[in-house]
*Asks:* 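My questions will all concern the structure given below.
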Amino acid sequence: MTTESDARDELIDLAADFYDQFAAGDIPEMTLPTRTKSNIEYDEASGVWTYGDRTSTRSANSVRGARKLLKAAYTIEFLANQLDDDRSSTLRELYYLSESWNNDEAQFKSQDESNDLVEDLEIVTGVTREDFHMRPEESGAKVMGPLEIREQTNRGDREIHCQLDVGQGGYQIPNNPDTIEFLDNDAEFVLCVETGGMRDRLVENGFDEAHDALVVHLGGQPARATRRLTKRFRDELDLPVVVFTDGDPWSYRIYGSVAYGSIKSAHLSKYLATPEARFIGIQPEDIVEYDLPSDPLSDSDVNALESELEDPRFQTDYWEEQIELQLDIGKKSEQQSLASRGLDFVTDTYLPERLGEMGVL
Amino acid sequence: MTSFQSTIGDEEGIAEELAEGQREISIAEFFEKNKHMLGFDSGARGLVTAVKEAVDNALDATEEAGYLPDIYIEIEEVGDYYRVVIEDNGPGITKEQLPKVFGKLLYGSRFHTREQNRGQQGIGISAAVLYSQLTSGQPAKITSRPKGQSRAQYFELIIDTDTNEPEIKADEETTWDRPHGTRIELEMEANMRARQQLHDYVKHTAVVNPHARIELREPGLDEPLKFERATDELPAETEEIRPHPHGVELGALIKMLEATESYSVSGFLQEEFTRVGKKTADSVIDNFRDVYYGRELAWSPPRARDDRDVASAVSEAVANKGAEATTAFAEGVAETVGNSDRITRSELAEVVDTVAETVENDTDKTFGGTVRENAVDAAWRAVTGLGGDADEATDSGGDTESGDDADESPLVADAYALVDEATSTRKDDAAVQAMAEALARRFENLDGDAFRITRDDLERLVADAASFVAEQRDATFGETARENVVEAFWSRARRVPDDPPKVKAIAGSRDAAADLLDAMRTTDILAPPTDCLAPITAELVEAGLRKEYDADFYAAATRDAEVHGGDPFIVEAGIAYGGEIPADGSVELLRFANRVPLVYQRGACATTDVIKRIGWRNYGLDQPGGSGLPNGPAVISIHVASTNVPFTSESKDALANVPAIEDEIELAVREAARELKSFLNKRRSMQQRREKQDVLGKILPEMADKVSEVTGRPRPDIDGALARIMNNVSVEREVNGESVTLVVENHSDVNEALEITDIVSTEPTDLSDGTVVDMDGEWFVQWKPEVPSGDERELTYAVDGDPEFEVSVGGVETEKLTVNA
């Protein structure tokens with residue numbers, strides 16, 4: 001990983017590139033990989049999906065391009081100063097902060113624009129956002145399980161046990177999980193759970209204690225910190241990772257971003273994705289096998305499933321089989337539909353059965 | 001109206017009574033009751049029409065005499081009436097003609113000519129006189145001074161509406177300050193509610209007559225409206241042409257036939273019409289023969305197996321000529337006839353004549369007229385199988401069914417072959433046979449034995465036969481089949497050798513004249529010459545618009561002459577866009593016919609229809625709904641010049657919807673509109689370029705400042721990048737000691753030809769190329785480099801000391817240019 005001074009140097013180098021282009025009488029430009037589904041490729045070595053060879057260029061040749069590069073120059077200055085001062089800020093703060101810049105053209109029109117620009121800078125400099133000291137507004141989710149860590153905080157290092165030292169809510173993952181040091185653990189595996197309701201059910205039923213599981217709450221599409229921490233669990237603690245979500249196409253994408261990386265942050269896949277993570281359920285197969293209460297697939301569900309069939313990340317035998325089965329039965333089920341068999345069914349029966357099948361337990 | 005029919009028995013002498021009430025209506029009286037037809041239907045409109053008629057006349061008169069028109073229009077309130085004064089600098093009108101020109105309806109020099117003129121009927125100005133006298137009771141006051149006369153002639157005249165004759169109330173000499181010209185003063189009941197139309201008319205007249213100077217004074221104007229001339233060039237003089245054969249109507253043709261001094265039709269055609277020479281006259285006459293006499297159907301001569309024998313028939317018909325001569329004659333005729341595929345009676349007569357002469361030469365025997373006629377009759381009977389007593393008996397019954405092949409007329413076999421050939425193979429044989437028989441019977445019933453028939457009659461006959469066959473045999477001969485059958489017979493029929501009737505005979509017969517007209521129209525004849533037209537020319541159309549409309553852009557197009565109904569016409573269009581032209585509402589449409597603005601009935605005019613159906617969005621104008629009049633700051637002018645402009649009515653307000661003219665209008669307008677489009681596109685891209693330049697010109701320096709701040713380096717020079725970004729042409733000066741270099745870089749995507757002038761305060765030497773001129777201690781160094789797209793040029797010279805420079809660059813739009821020198 002880069003250090004903070006590396007990060008600052010990388011930013012200054014980018015500004016220097018612009019400078020040199022101006023000085024040579026050339027039009028300043030910035031080349032980025034094209035960030036679309038059609039330009040992600042499977043990286044054999046790392047087992048994750050990263051950007052392919054196609055690139056697009058942001059050039060000052062057009063008014064739009066020139067505005068982008070002007071904003072980039074201002075943002076570079078801001079980030080460099082922030083690193084100098086050892087401060088940090090959120091993406092949203094960056095958006096509001098641009099209002100204070102003495103140049104109307106450099107101000108962001110929306111937060112999407114500033115978020116995208118920060119991602120652009122990550123890609124071009126090869127430095128992660130976290131190393132720019134930029135953090136998302138919504139922090140990472142929570143961990144509950146037999147693990148002891150040391151976290152560097154602004155108020156000094158803290159040693160925390162993620163079962164004994166935390167409340168019912170669990171340990172809050174910090175924005176930059178690389179500030180965490182793993183001290184000790186008794187964990188057998190990592191269970192990533194999509195919904196808060198299911199996480200609470202597992203904790204209430206003592207699933208983490210019963211099976212020595214690290215229960216990670218994803219909270220919808222997982223934040224980078226959550227995905228990064230999950231990857232560290234796998235890589236540094238050598239724990240198997242399973243992902244437990246609803247049984248619908250949107251949830252499969254949550255699994256996809258944990259396991260394979262997301263399209264928007266494919267440049268960070270090697271750093272964020274856990275290709276060893278496996279999907280535990282709800283599988284379309286389970287809807288049939290456990291006769292779960294279900295909803296019919298909507299048109300957009302069907303479109304999403306069909307689009308997943310074409311997504312290079314999902315082109316495996318397992319997923320093709322499951323997705324085609326789901327299209328066939330035309331149904332989807334939520335995690336909590338397991339409650340139709342009783343509140344303990346998920347912890348006593350479903351998960352142990354599935355984990356057994358997968359060879360985790 | 002009550003009917004007199006019911007009482008006609010009761011009251012004797014009603015016809016006489018009615019006759020007493022009938023009298024000749026003078027044309028003036030007629031128009032008195034039909035003022036609206038001439039554009040005098042209201043006081044407001046009457047005023048405009050009076051001005052229009054007088055101005056049209058004035059323009060025609062001045063142009064004809066070769067003077068640049070200088071026209072003065074004045075409208076004054078006089079008590080309850082308005083006084084209209086129009087003065088021109090024309091040639092004046094002679095004392096003898098003056099009362100007639102102004103005081104007699106339908107007196108004009110133009111009605112009978114084919115030449116492009118503003119007025120045509122000779123109604124307009126006298127109608128204005130009439131209108132004034134009817135509404136105010138005042139005579140028209142006319143002053144005219146022909147060139148060279150020391151004094152002018154002053155008249156007061158009214159029109160006697162009973163006799164259509166002018167009545168002179170005053171006739172005296174007077175003085176007038178114009179050296180030559182005409183002044184007419186009319187008092188009439190009117191109002192100025194049509195002020196806008198009046199102004200439009202005068203303004204539009206000025207647009208379309210850029211060679212005229214016009215001044216208008218009217219009570220609503222503080223200052224007179226003056227329209228100065230934009231050119232000293234008079235419109236090209238027009239040639240009068242004779243009528244074109246495609247452009248006359250039956251009544252006119254009969255009149256021409258009556259009036260001509262020619263004796264033969266050929267002479268008449270060549271003498272009275274344009275584009276008709278001997279050859280064309282012959283083709284017209286050939287076509288005339290076809291419609292007037294019809295063609296003779298041709299039949300195939302007897303073949304060997306037939307029992308009809310031409311030779312024996314002929315020899316039987318010849319008596320007292322000796323065996324040798326008779327045989328030679330008979331066999332000669334039979335052989336010639338036998339050699340031809342099909343023959344008509346006229347052709348047979350020719351054959352008989354030729355053979356008779358040959359035999360006469362060889363044998364000393366004379367074959368006189370009677371003998372020849374008998375021989376023709378006999379041979380014709382042998383060819384057609386008709387004329388014998390037996391034939392009379394079998395066939396007079398008409399459409400009786402006769403299935404007996406032995407008695408079958410040889411015509412049936414011929415007809416069968418043609419019908420069979422003309423119809424599709426799916427027609428069954430019996431139907432074809434029935435049709436052939438039905439046709440043959442009808443041919444036999446034709447008058448005379450030469451089978452003469454016109455195409456119309458042939459069509460009727462075939463249709464009749466077809467419906468008979470349809471009834472009897474349930475076999476249909478549809479329209480196409482019938483047409484094919486007609487064509488098969490007609491194409492094999494021969495044109496008759498008869499001479500056409502003489503002109504006098506045709507003039508005396510309406511039908512014959514109609515046939516001649518028909519023949520004239522069906523003959524291909526060269527389009528009429530176009531030197532009878534005087535288009536304004538695209539250049540002057542544009543000049544006219546430029547003169548009266550302060551716009552950003554002008555375009556004009558003149559089409560080549562086209563012909564409609566024997567009258568040549570030319571369409572011109574012009575467009576002005578932007579500038580001071582009001583941007584709200586629809587565009588202004590100027591309509592002109594023979595240089596006369598059309599003010600009323602815009603909605604009924606063909607020009608409006610054409611403008612409405614053009615898709616103006618393609619040309620960069622706003623057009624709500626994609627059809628109708630476009631919106632925006634534009635003026636579209638359309639001029640149609642013709643020897644006979646087709647108007648929708650006598651008041652000449654709107655062009656009639658003639659497809660040939662509409663097409664040309666559309667093409668002319670589209671031609672001008674294409675230029676508008678490229679102008680608007682260019683302007684739009686210039687605008688975008690300017691905007692881009694503005695924004696980038698602000699952003700890039702700021703970006704450069706920021707990156708130099710972040711990197712801690714001095715501010716970079718960004719001019720090169722700027723020039724490139726804006727597809728610019730940049731001119732940059734580099735001074736290195738004594739040597740001065742101007743670097744011209746072309747970053748645009750087209751080649752640029754520049755004109756660069758550098759003004760130097762000390763004398764330059766060693767020029768790379770270019771020229772230097774000493775202007776009072778300043779030196780003008782000039783280059784005209786051509787720089788290809790993406791390339792650069794260096795222009796160098798040397799100077800002493802520390803001179804001052806001032807560079808100016810031309811040949812490139814300023815938006816594209818970056819000068820740093």
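Side chains included, hydrogens not; waters and symmetry mates left out as well; all remaining heavy atoms used. Just so it is clear: chains get the letters A, B, ... in the order the sequence lines come, proteins before strands, and each one is counted from 1.
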*Asks:* Checking B:Leu696 against chain A: side chain, backbone, both or neither under 4.5 Å from a heavy atom?
*Replies:*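 Just the side chain, heavy atoms under 4.5 Å.
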*Asks:* Do the numbers put B:Lys706 on top of the ring of A:Tyr74, so that NZ or CZ is under 6.0 Å from the six-membered ring centre and no more than 45° off the axis?
*Replies:*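 That pair qualifies as a cation-pi contact.
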*Asks:* For chain B, which candidate among A:Ile76, A:Leu11, A:Leu69 shows the most heavy-atom pairs at distances under 4.5 Å?
*Replies:*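 Of the candidates given, the most pairs with chain B belong to A:Leu69.
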*Asks:* Verify the distance criterion only: is there a donor paired with an acceptor across the side chains of A:Asn103 and B:Glu702 at less than 3.5 Å?
*Replies:*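 Per modelled atom types, A:Asn103 and B:Glu702 side chains form a pair under 3.5 Å.
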*Asks:* For B:Glu794 and B:Ser768, which I'm curious about, is there any donor-acceptor pair between the side chains at under 3.5 Å?
*Replies:*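 Side-chain D/A pair, B:Glu794 to B:Ser768: absent.
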*Asks:* Please confirm whether B:Arg674 makes a cation-pi placement over B:Tyr619, using NZ or CZ under 6.0 Å from the six-membered ring centre and within 45° of the ring normal.
*Replies:*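 That pair does not qualify as a cation-pi contact.
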*Asks:* Taking side chain as everything from C-beta outward and backbone as N, CA, C, O, which of these in A:Ala16 sits under 4.5 Å from a heavy atom of chain B? Side chain, backbone, both or neither.
*Replies:*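 Looking at A:Ala16, backbone and side chain both touch chain B.
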*Asks:* What part of B:Pro701 gets within 4.5 angstrom of chain A, counting heavy atoms only: side chain, backbone, both, or neither?
*Replies:*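 For B:Pro701, there is no contact with chain A at all, as no heavy atom is under 4.5 Å.
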*Asks:* Indicate whether the side chain of A:Gln82 and that of A:Ser89 have a donor and an acceptor atom separated by less than 3.5 Å.
*Replies:*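 The criterion, which ignores hydrogens and geometry beyond distance, is satisfied for A:Ser89 and A:Gln82.
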*Asks:* With distance as the sole criterion, is a donor-acceptor pair present between the side chains of B:Gln782 and B:Thr757 under 3.5 Å?
*Replies:*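 Yes, a side-chain donor-acceptor pair sits under 3.5 Å.
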*Asks:* Quick check for you: among A:Asp20, A:Asp13, A:Leu14, which has the greatest number of heavy-atom pairs under 4.5 Å with chain B?
*Replies:*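 Looking at each option in turn, the highest pair count goes to A:Asp20.
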*Asks:* If you count heavy-atom pairs within less than 4.5 Å of chain A, which of B:Asp719, B:Ile699, B:Leu700, B:Thr711 leads?
*Replies:*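 The answer is B:Ile699.
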*Asks:* Measure distances from B:Val710 to the heavy atoms of chain A and classify the residue's part below 4.5 Å as side chain, backbone, both or neither.
*Replies:*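 Both backbone and side chain.
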